[in-house]
Every structure is written in structure tokens, then in C-alpha cells.
There are 2 protein chains.
Amino acid sequence: MSKATLAQLSKSTKSVTDSAGQVRQQRNFLENLRNMAVFAYVVERRSFSAAARDLGVTTSAVSQQIRALEEEMGIVLMHRSTRKLSLTESGEAFYQSCQEMVEAAEQGRSRVNELRDDVVGDLRIATTPELCVNHIVPALSQWMQSHPQLNIHFEVENKNIDLIESRIDIALRMSPGLADSSMVARPLFQVNQILCASPEYLARYAPIKTPEDLQQHTMIAMELLKEPSQCEFIDPVTGKRLSVLLNARLFTNNVFLMKSLCTTGQGLMRVLHIDVQKELANGELIEVLPEWPMPGYTLYALTLRRERQPLKVTRCLEALLQHFSQLPIRH
Amino acid sequence: MSKATLAQLSKSTKSVTDSAGQVRQQRNFLENLRNMAVFAYVVERRSFSAAARDLGVTTSAVSQQIRALEEEMGIVLMHRSTRKLSLTESGEAFYQSCQEMVEAAEQGRSRVNELRDDVVGDLRIATTPELCVNHIVPALSQWMQSHPQLNIHFEVENKNIDLIESRIDIALRMSPGLADSSMVARPLFQVNQILCASPEYLARYAPIKTPEDLQQHTMIAMELLKEPSQCEFIDPVTGKRLSVLLNARLFTNNVFLMKSLCTTGQGLMRVLHIDVQKELANGELIEVLPEWPMPGYTLYALTLRRERQPLKVTRCLEALLQHFSQLPIRH
DNA sequence: AAGCATTACGGCGTACGTAATGATT
DNA sequence: AATCATTACGTACGCCGTAATGCTT
């Protein structure tokens, strides 16, 4: 009340009255939605008691709802003569809308239930290009085919997309996530890093027998990594870690380009084993210091933390886990 | 609880569970309508606080509503990061329906308001044919023309139509109504009854000087009246009433037919003055015992008792009262 | 620092059930 | 007699506001 009084001092009386009325109107509008639905049920069943049974309330409740609705609307909606209900003109018109209202609400609910409980709709997956081509698509190929109702979007970027903004359901990343508690990370499998170069390069420059030798060499740097031009190794004897900082002149954010640069002999590159499997097999690239393992990365599937994921998301995660659990240990 | 237990004893557990679930579902459905509307507002305004202001509640309330909705639906509808709201796929789909729901509800309300506050839609009037032709149409002619948005239905019957069943807004009757408290009767004006006959008839049969002379005569009876073959008079000297029972051989429920029978000399008839004005003027019929007035009828406008009539009804009643108040006293 | 969303908590309001009444078949 | 709608009344539940907290810009 004091609020209203204050407002009256600063604004014109009329506008205040109007806006207060508006608000009041709105609130009553909300209150009446349930009554409108009850009204629709009553009209459909042509009986207060039948509607009450359907709705799981007493006829008393129904009667009170209709009365309240009529009072609020300021008009008689139906004439009731104990055995027979008959709509007024207003009631008839109003029923149309109530009916539509209920229908829209029911449709909304059923659609949501469907999206929650069936593998339908859209599934949006964020990955990097290489991961996507090399592993995600193979991992999901069969699963995708068995769910023709599901549209799958691969949002392929070399940066970490914001899950919320881009509506990503599942993101596949090497980093376990940004320590954001709104997300949950599930490790999928372990990927190994290797250092490699083209045969030409290795032939041309100083031989590499130990990590220390690397300091004479040039690195093609992947910008997305924390320390692009640094290499970490695990001593095969002691198990201790050691880091070597290389020179880097070429930088890129694209693995394909990096591979291209590497195969043409521009330098060494640190890359995931899975990204160069083919090139290693056909001799285009050669692993450097194979006896010095580098620390691996873990591939994570990230989702937003929810108490209840849509079924399609959990099923997709299952399919991913299933696939990766079958892979051999050395990737 | 005891109720449910009893039900379980009499029916199969499964069916009971289902039906109980159904009911529960329905009730929650009703509860959620308001939440769905709130959700729609939030999405539209892209803000909890803005929606709250619009709706005249606190953000706290809005937050609780959305939470409740999400819990009930078992799914996240929107991701909220303090400054930004973003719908999930389910939320997007759900919003569509909520939007439609709100729209239907608003449309229903505005339509009802229109029907209540404007002279639009349908107006259903019940009368007898003669009343309609002789008085109602003339009374409303101008008013009807000034409301082109209004459709007027004349339900013309020689019996008293059930107002509810036939959706009559206004009934015009001679009897003040069936003492039904669900209706309200407004007297419009006083109509006089007269006794008349054709000149041929009067010339052919015994002269009529006093009411007692009538007992020698034959009456054409209007079935719809309480005592069709009886005539009541008011003694012009003493003011006392006296009744005379005439013979009646011809019965009908139609005034036009009655007039036709009367003009062809089949007998006397008791009729409203307004129904034979023309015939009296051109000499086709002659009033009998003009110095002995008969008790008049009152023309009533009957409506169903409502706390609030649609505007068109009250306006129509006004037009009728207006018209009849202008008429000369002797009808 | 200001605006926004969330949560816990408690009080108020109300919607519902119970029971009695009236109406209709 | 049975079913249905209405009303009065009291209670229990749920909704919302207050206040405190955390988060973002």
C-alpha cells in the first residue's frame, strides 16, 4: 500500500491505476487457467461429476471452480439444471478457447515426454575435426543408423564451444573440462601423444636419440595446446617426467595443416597417435623417440549437469562408451 | 489412503495403479497450467525478473514455478547463467505449446469480454407470431439497424419455449412467467383484451347487451389460455368481476386462424386488442360489449436470472421499455 | 556495486474435502 | 431412491514474499 502511495506521488494517478489493474489482471489470468481447463472438461463430459471423477477431485471442487470462473469473468457460462448443462453464447465461445488451451498444453507435455523418453529430435555433438572423423563418426555410425528419428548435428570446431550457447548435448574434448561444476565429464578412453616427423626431415637434420637432442630441432606448433612448443616425456627407466622446450616457427590451429607441414619436412610435430595412424603405417611419417612415451590425453565426453538427461543423450553416451571400451589398448 | 486400500482389494493392483496415476497426472496437469504460462512469459521476456514484474510477483515465485515445472516434467527446460537464458531442445518445443496455450486463453477471455461488453454476437428472442409482427419488430426495428454487428434470432412459437434449452435471451410473454425463480420478468406494457365478432355473425344471432347474453353464443377458443371458453368482465359500475362460460366448438392454437374463423362468422372470440386493430378499423370485426372492459394482460419481458447480463440483453430491454413507454395508453 | 537467480523458511490465503441441502429423474 | 449440483465451513496444503547467498557484469 505504501508502495502504491509512493508511486502515486511520482506518476499520474491514472497510469498507476492502470498498471496496478494490469498486474491484477495478469495474476487472475494465471489463477484462471486451471479453472478454464476444468470448464473445458466439464463441457466435454457434460457433467460436473464426470469431470470431477476424471480430474480426481470432488464435484464440490468443480462447482467452486466454475463459479469462481464465472464470477471472475463477470458472466454466466452455462446454465445448469441438475440433469442438463447448456452453454450460453459466451460459454460456447469461451469453451472453444479453453479447449484449444487444453489441447496446446497437452500437446506440449506429450512432446516433451517424447523428447525425454524417446530417441528423437536433435542431438548436438561438439568435437574437433580430427576426433570427429577418426573416432566419433566410426563410433556412432551404427547407432545413428539404428535411430532414424534422430537428427545429429556435429558442431566441429577447433575451439571449445560453449555448451549452453550452442545447445550442445555432448562435447568430446581432450581436456576434462574447465572445472565448471555445471558440467560433468566422463572419460572415454586414453589417447597417446607421439612426436613424429617426415623421413626427409629426419634424414636432413641431426639424429634424435634422447630428448635432449630435440633442442636442436624445430617444432610445428599446435596453438590450441597449453605449451605448444614444449614436449614432455616419461623416463622409461626412472618414470620421472622431463620437459624439453623446442624452437617453433610455424603455428597453426588445424591438425590437417600441421600434418601437411610435417610431411613436407618443416619440422617435428607433437600429435595424437590416432591422428597419424595412417601416415605412420604408410611411412609418410615416422615416430621420433618411440621408447620415450609422452603423457597421454584422456578423451572426455562432456555434458551439462542435469538431474535427468534426455534419453537420446544417455543412449549416445552408452554407445560411445561401448565403442571405446572395445578398442585395443595402444591407440 | 484407506480408500485406495479398499480399491486395491476389489480391483487388480495394476489397474488401480494406472487409474490413480491417471488422476495424479490430471491433477498435476491442472497445477502446471499456471507454471506453463509463467514459463511462456519468462521465455518471452528472456528474464525471470522481467517476467516477474509483468506478472506482479517476485522473481522468487517465478523461479519456484519454473523449478516445479522442470521437476514435474522431469527435464531441464532452460539453462540459466545469471545473465542469459537459453532454451534446451525440450524447452524450445515446450515453449511453442505454452505460447499457444496462453494465446488461446487470452483469446477466450477477450472474446468473452467482447460478448459481455459490446452489442455483438447473437441475441435470441422468443415471442408469439402476433406479438412479434405487431409489436416487437416495430419496437426494435430502429435499434436493430443501429447494431449491425448483432445477429437477432426470433424464435416464434405459440408455446412457451424453454429459455435454457433454446438459449433464449429474452422471451416476450403475456403470462408473467411460471413462477420460476430462475427467471426475472419485467412488465413492458398493458394490453387489453376484447371480445369481438364479425358483423355477419352479430346480425345473424341474438343481440348482446349484457355479459349474460353471451351464454347463448359460441366462442372460438384459443387453446393456449387457461380458460379458453370463459370470459371475465369488470362491472363498469360496481367494479366487480364476473365470469361467463360460453360454448366452444372450435379450438385452435393460432391467432391468425382464430381471426380467420371469426371473420367468417363462426363465433365470438376473445383476443388482444392489438391483434385485431386493423380488422376493427376496417369493419371486418366489431367489438362486443365495449362498455364492459375485460381484464387486461401484461406483456412481460422474461430473462434468465443472472447477476450480469451481456450488454446486448440489457440494451435490448432498454429499447423495448423505451418503445412501449411511448405508446398511447389504450392499445 | 548493482542486478539477477536461487534457496530456505514461515505465514497467509485458498482451494479442496466433508457434510448437509435441494433438485431432478 | 439415486444421482447430481450447490453451499457452508474448517482445515491442510501450497504458494508466495522476505531475506540471505552466490554469481555475473
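Chain naming here is simple, since letters A, B, ... match the order of the sequence lines and numbering starts at 1 in each. Treat the numbers as computed from the prediction; the structure is a model and nothing was measured.
Considering only residues two or more places apart in sequence or on other chains, A:Arg186 meets the salt bridge (charged side-chain N to carboxylate O under 4.0 Å, His left out) condition with none of them. For the side-chain hydrogen bond (donor to acceptor under 3.5 Å, both in side chains) test, residues two or more places apart in sequence or in another chain that qualify with A:Asp122 are A:Asn151, A:His153. Among residues two or more places apart in sequence or in another chain, the side-chain hydrogen bond (donor to acceptor under 3.5 Å, both in side chains) test is passed with B:Arg124 by none. For A:Asp118, there are no salt bridge (charged side-chain N to carboxylate O under 4.0 Å, His left out) partners at least two apart in sequence or on another chain. Looking at residues two or more places apart in sequence or on another chain, you find no side-chain hydrogen bond (donor to acceptor under 3.5 Å, both in side chains) involving A:Glu227. Residues satisfying the side-chain hydrogen bond (donor to acceptor under 3.5 Å, both in side chains) test with B:Glu100, not counting sequence neighbours, are none.
You'll find that the side chain of A:Ala61 is closest to C:dC16, out of D:dG17, C:dC16, D:dC4.
Between the CG atom of A:Leu55 and the P atom of D:dA5 there is a distance of 13 Å, rounded to whole Å. If you take CG of B:Leu30 and C1' of C:dT14, they are 16 Å apart, rounded to a whole angstrom. When rounded to the nearest whole Å, the span between CD of B:Glu71 and P of D:dG14 equals 13 Å. Residue A:Gln65 contributes atom CD, which lies 13 Å from atom C1' of C:dG17 at whole-angstrom precision. Rounded to whole Å, the distance from CZ on B:Arg53 to P on C:dC4 is 6 Å. Taking atom CD of residue A:Glu70 and atom P of nucleotide D:dT6, one finds them 8 Å apart after rounding to whole Å. Between A:Phe48 atom CZ and D:dT6 atom P there is a gap of 4 Å when expressed in whole angstrom units. In this structure, B:Tyr41 places its OH atom 21 Å from C1' of C:dA5, rounding to the nearest Å.
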Pairwise N/O distances under 3.5 Å, protein to nucleotides 7-11 of chain D:
{"residue": "D:dT7", "atom": "OP1", "partner": "A:Arg67", "partner atom": "NH2", "Å": "3.0"}
{"residue": "D:dT7", "atom": "OP2", "partner": "A:Arg67", "partner atom": "NE", "Å": "2.8"}
{"residue": "D:dT7", "atom": "OP2", "partner": "A:Arg67", "partner atom": "NH2", "Å": "2.5"}
{"residue": "D:dT7", "atom": "O4", "partner": "A:Ser60", "partner atom": "OG", "Å": "3.3"}

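If you take CD on B:Glu31 and CD on B:Glu72, they are separated by 9.5 Å, rounding to the nearest 0.5 Å.
For the OP1/OP2 pair of D:dG14 and a distance below 4.0 Å, the side-chain nitrogens and oxygens of B:Arg34 include no atom meeting the criterion.
Under a 3.5 Å cut-off, the side chain of B:Arg167 and the backbone N or O of A:Leu87 do form a donor-acceptor pair.
For residues 86-114 of chain A, the set of pairs meeting the ring pair (Phe, Tyr, Trp, His ring centres under 6.0 Å) definition, not counting sequence neighbours, comprises A:Phe39-A:Phe94.
Across the helix from C:dA1-D:dT25 to C:dT25-D:dA1, the helix axis at one end is tilted relative to the axis at the other end by 40° (nearest 10 degrees, each axis from five pairs).
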